[in-house]
Amino acid sequence: MAYKVKLELFEGPLDLLLHLIKKSEIDIYDIPIASITEQYVEYMDFMQLLDLNIAGEFLVMAATLIHIKSKMLLPQPQVEEETAEEEDPREELVKKLLEYKRFKEAAIELSNKATMQKDYFGRRVSFSPSAFKGEAKEEEYFEASLFDLITAFTKVMKEVPKQLFYQVIKDEFTVEEKMHDIFHLLVKRTRVHFTELFRNAKNKIEVITTFLALLELIRLKEILVMQPKVFGDIVVQKNTELIHPTKEING
């Protein structure tokens, strides 16, 4: 796949680790390194499958996790009780995660207190109860991260019927065309659920192309992707605060 989405505006490897820890409800002070490493590499595989332009720091973190995992798998030498406890191989990683988490939370707090918000996405919004059928009350939403999107995307991929993976592809789909389709769907409708964008996909290539188009629209700040406070179906909506819509999409 020739089309690449650059991730400069998205998160880094520490964000991915924090996402995995939160999603799996893991104690940050007692990270099951084997499980986290497996999940981290899985996400890396998906980013490579999508042909995302992965920064080198993701690869460095993958190597760090594998190194920690190998150290923890080595048999520990027997020592006398009075000997000082051996350092936990995870300790340095935990310190980095806690420090990064504090800085990130402080940055979000400062952003929320800022008086000028024109160039920033809101961290939380309340949608109208009439936006979706069956939702009786307003629900608090937060801006979804790249890794929230990848988590949702992996679920979509698993639900695609097996036969669609192997059928002969007669139609070709481009990211630009899918960007146009998504944007104009959001002109007609206030917002849509993430899974709706893939409902009529004919094959695996169309699913992947649609997801890349979604990432590109986010990068261009044409759309917002929001998630309920408790992990739920991501909602996609047009960014109404954008002053100058992208000409290529409207054309």
Point to revise | Check against side chain to side chain contact (heavy atoms under 4.5 Å, CB included), Gln227 and Asp233 | key: CA-CA 7 Å; Gln227 186 174 46; Asp233 198 0; over 6 Å; no

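- For Tyr29, the side chain to side chain contact (heavy atoms under 4.5 Å, CB included) criterion is met by Asp27, Val94, Leu98, not counting sequence neighbours.
- Taking every heavy atom of both residues into account, Val175 and Thr209 meet most closely at N-CG2, 3.6 Å.
- In this structure Lys101 satisfies the side-chain hydrogen bond (donor to acceptor under 3.5 Å, both in side chains) test together with Glu105, sequence neighbours excluded.
- Across all their heavy atoms, Ile182 and Thr210 have their closest contact at CD1-O, 3.9 Å.
- Comment: Lys178 does not engage Glu216 in a salt bridge, judged by the lack of any side-chain N to carboxylate O separation of less than 4.0 angstrom.
- Residues that satisfy the side chain to side chain contact (heavy atoms under 4.5 Å, CB included) test with Thr190, not counting sequence neighbours, are absent from this structure.
- For the atom pair CG (Leu18) and NZ (Lys104), the distance works out to 6.5 Å, reported to the nearest 0.5 Å.
- Atom CG of Asp181 is separated from atom CG of Asn200 by 11.0 Å, given to the nearest 0.5 angstrom.
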Point to revise | Full working for side chain to side chain contact (heavy atoms under 4.5 Å, CB included) between Leu224 and Lys238 | key: CA-CA 6 Å; Leu224 299 174; Lys238 189 170 176 283; over 6 Å; no

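- Of the inter-residue distances, the one linking Leu17 atom CG with Gln39 atom CD reads 10.0 Å to the nearest 0.5 angstrom.
- The backbone N or O of Ser145 lies less than 3.5 Å from a partner atom in the side chain of Asp148, making a donor-acceptor pair.
- When every heavy atom of Pro89 is checked against every heavy atom of Met72, the shortest pair comes out as CG-CG, 3.8 Å.
- Partners of Glu99 by salt bridge (Lys or Arg N to Asp or Glu O under 4.0 Å), not counting sequence neighbours: none found.
- For Tyr40, the ring pair (Phe, Tyr, Trp, His ring centres under 6.0 Å) test picks out no residue, with sequence neighbours left out.
- Applying the salt bridge (Lys or Arg N to Asp or Glu O under 4.0 Å) test to Lys188 and every residue at least two apart in sequence or in another chain returns nothing.
- Contact annotation: the side chain of Leu214 approaches that of Ile223 to within less than 4.5 Å [non-hydrogen atoms, C-beta and beyond].
- A 4.5 Å side-chain heavy-atom check between Val192 and Gln237 finds every atom pair outside the cut-off.
- Under the side-chain hydrogen bond (donor to acceptor under 3.5 Å, both in side chains) criterion, Thr151 pairs with His19, Tyr43, not counting sequence neighbours.
- When all heavy atoms are compared, the tightest approach of Phe194 to Ala152 is CE2-CB, 3.6 Å.
- Considering only residues two or more places apart in sequence or on other chains, Glu177 meets the side-chain hydrogen bond (donor to acceptor under 3.5 Å, both in side chains) condition with Thr174.
- Between the CD1 atom in Ile234 and the NZ atom in Lys155 there is a gap of 8.5 Å [rounded to 0.5 Å].
- The two residues Phe211 and Leu149 come nearest to each other via the heavy atoms CE1-O, 3.7 Å.
- Using a 4.5 Å cut-off on side-chain heavy atoms (C-beta onward), Phe46 and Met157 make contact.
- Note on Glu92 versus Lys95: no salt bridge recorded, every NZ/NE/NH1/NH2 to OD/OE distance being 4.0 Å or above.
- Taking the side-chain hydrogen bond (donor to acceptor under 3.5 Å, both in side chains) definition, one finds that Lys69 meets it with nothing, sequence neighbours left out.
- The main-chain N or O of Ile21 is never found under 3.5 Å from a side-chain atom of Ser24 such that the two would form a donor-acceptor pair.
- Linking Ile, Leu, Val, Met, Phe, Trp and Tyr whenever their side-chain heavy atoms come within less than 4.5 Å puts Leu59 and Leu16 in one cluster.
- A search for salt bridge (Lys or Arg N to Asp or Glu O under 4.0 Å) contacts involving Asp30 returns Arg90, not counting sequence neighbours.
- Considering all non-hydrogen atoms of both residues, Arg191 and Val235 come closest at CD-CG1, 3.6 Å.
- Counting non-hydrogen atoms of neighbouring residues, nucleotides and ligands closer than 6.0 angstrom, the CD atom of Glu38 reaches no more than 12 such neighbours.
- Interatomic distance, Ile36 CD1 to Ile68 CD1, rounded to the nearest 0.5 Å: 11.5 Å.
- The shortest distance between side-chain heavy atoms of Val236 and Leu185 does not fall below 4.5 Å.
- Here the side chain of Asn239 pairs a donor or acceptor atom with the backbone of Lys221 at under 3.5 angstrom.
- Distance CZ/Arg199 to NE2/His193: 9.5 Å, rounded to 0.5 Å.
- Residues that satisfy the ring pair (Phe, Tyr, Trp, His ring centres under 6.0 Å) test with Phe147, not counting sequence neighbours, are absent from this structure.
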Review point. Can Arg189 and Glu196 be said to form a salt bridge (charged side-chain N to carboxylate O under 4.0 Å, His left out), step by step?
Key: CA-CA 12 Å; Arg189 295 173 56 182; Glu196 289 183 62; 3.1 Å; yes

